[in-house]
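What follows is a single structure, written as structure tokens, with notes after it.
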Amino acid sequence: MEVIFYTREKCQLCKEAKEVLKILQSDYDFELIEKNIDDSDELTEKYGLMIPVIEMNKDIVQYGQIDYYTLSKRLQKKVDPS
């Protein structure tokens with residue numbers, strides 16, 4: 001499974017979210033793909049006020065203040081949708 005992490009430099013919330021994602025990688029098998037929104041005008045326009053943004057299967061699962069518990073529950077639903 002791929003998890004896309006939209007971020008930008010000098011973003012404290014993004015740094016905290018990345019730490020949460022690294023912890024979650026030990027519990028769930030996923031590839032973390034990091035995308036800096038400042039590299040694309042389209043991404044900056046789409047996610048500029050929302051970052052950090054976590055996306056799986058083209059669905060935004062969490063943005064802004066990322067927390068372990070909420071993201072863990074959403075990863076579990078994506079891994080085991082039953």
So Ile54 and Ile60, do their side chains get closer than 4.5 Å, heavy atoms only?
no
Derivation and outcome, side-chain contact (heavy atoms from CB on, under 4.5 Å), residues Asp27 and Ser72
CA-CA 9 Å; Asp27 296 331; Ser72 178; 5.7 Å; no
Phe5: what forms a ring pair (Phe, Tyr, Trp, His ring centres under 6.0 Å) with it, not counting sequence neighbours?
none
Are side-chain heavy atoms of Met1 and Asp29 found at a separation under 4.5 Å?
no
Within this structure, what is the CD-NZ distance for the pair Gln25 and Lys22, rounded to the nearest 0.5 Å?
9.0 Å
Does Phe30 reach the side chain of Glu2, with side-chain heavy atoms less than 4.5 Å apart?
no
Pairs flagged by salt bridge (charged side-chain N to carboxylate O under 4.0 Å, His left out) wherever residues 43-69 is involved - sequence neighbours left out
Asp59-Lys78
Show me the pairs that pass disulfide (SG to SG under 2.5 Å) and involve residues 39-71, at least two apart or across chains.
none
Listed by chain and number, what are the side-chain contact (heavy atoms from CB on, under 4.5 Å) partners of Asn36, not counting sequence neighbours?
Arg8, Glu9, Asp38, Asp39
Please lay out, stage by stage, how Ile4 and Met56 fare under the test side-chain contact (heavy atoms from CB on, under 4.5 Å).
CA-CA 6 Å; Ile4 301 175; Met56 287 179 276; over 6 Å; no
Please report the interatomic distance CG(Leu75) to CG(Leu21), rounded to the nearest 0.5 Å.
8.0 Å
Where do Val3 and Ile33 land on the side-chain contact (heavy atoms from CB on, under 4.5 Å) test, with the steps shown first?
CA-CA 6 Å; Val3 173; Ile33 300 168; over 6 Å; no
Look at the side chain of Ser40 and the backbone N and O of Ile37, then say whether any donor-acceptor pair between them is shorter than 3.5 Å.
no
Quick one: side-chain contact (heavy atoms from CB on, under 4.5 Å) partners of Glu16, sequence neighbours excluded?
Gln12, Leu13, Gln65
Is there a side-chain contact between Leu71 and Val61 in this structure, where contact means two heavy atoms from C-beta onward sitting under 4.5 Å apart?
yes
Would you list the pairs meeting ring pair (Phe, Tyr, Trp, His ring centres under 6.0 Å) in which at least one residue belongs to residues 42-74, sequence neighbours left out?
Tyr6-Tyr47
Kindly indicate, with the supporting measurements, whether the criterion side-chain contact (heavy atoms from CB on, under 4.5 Å) is fulfilled by Lys18 and Glu34.
CA-CA 9 Å; Lys18 189 170 184 177; Glu34 192 170 335; 2.8 Å; yes
If every non-hydrogen atom of Ile51 is compared with every non-hydrogen atom of Cys11, which pair is closest and at what distance?
CD1-SG, 4.0 Å
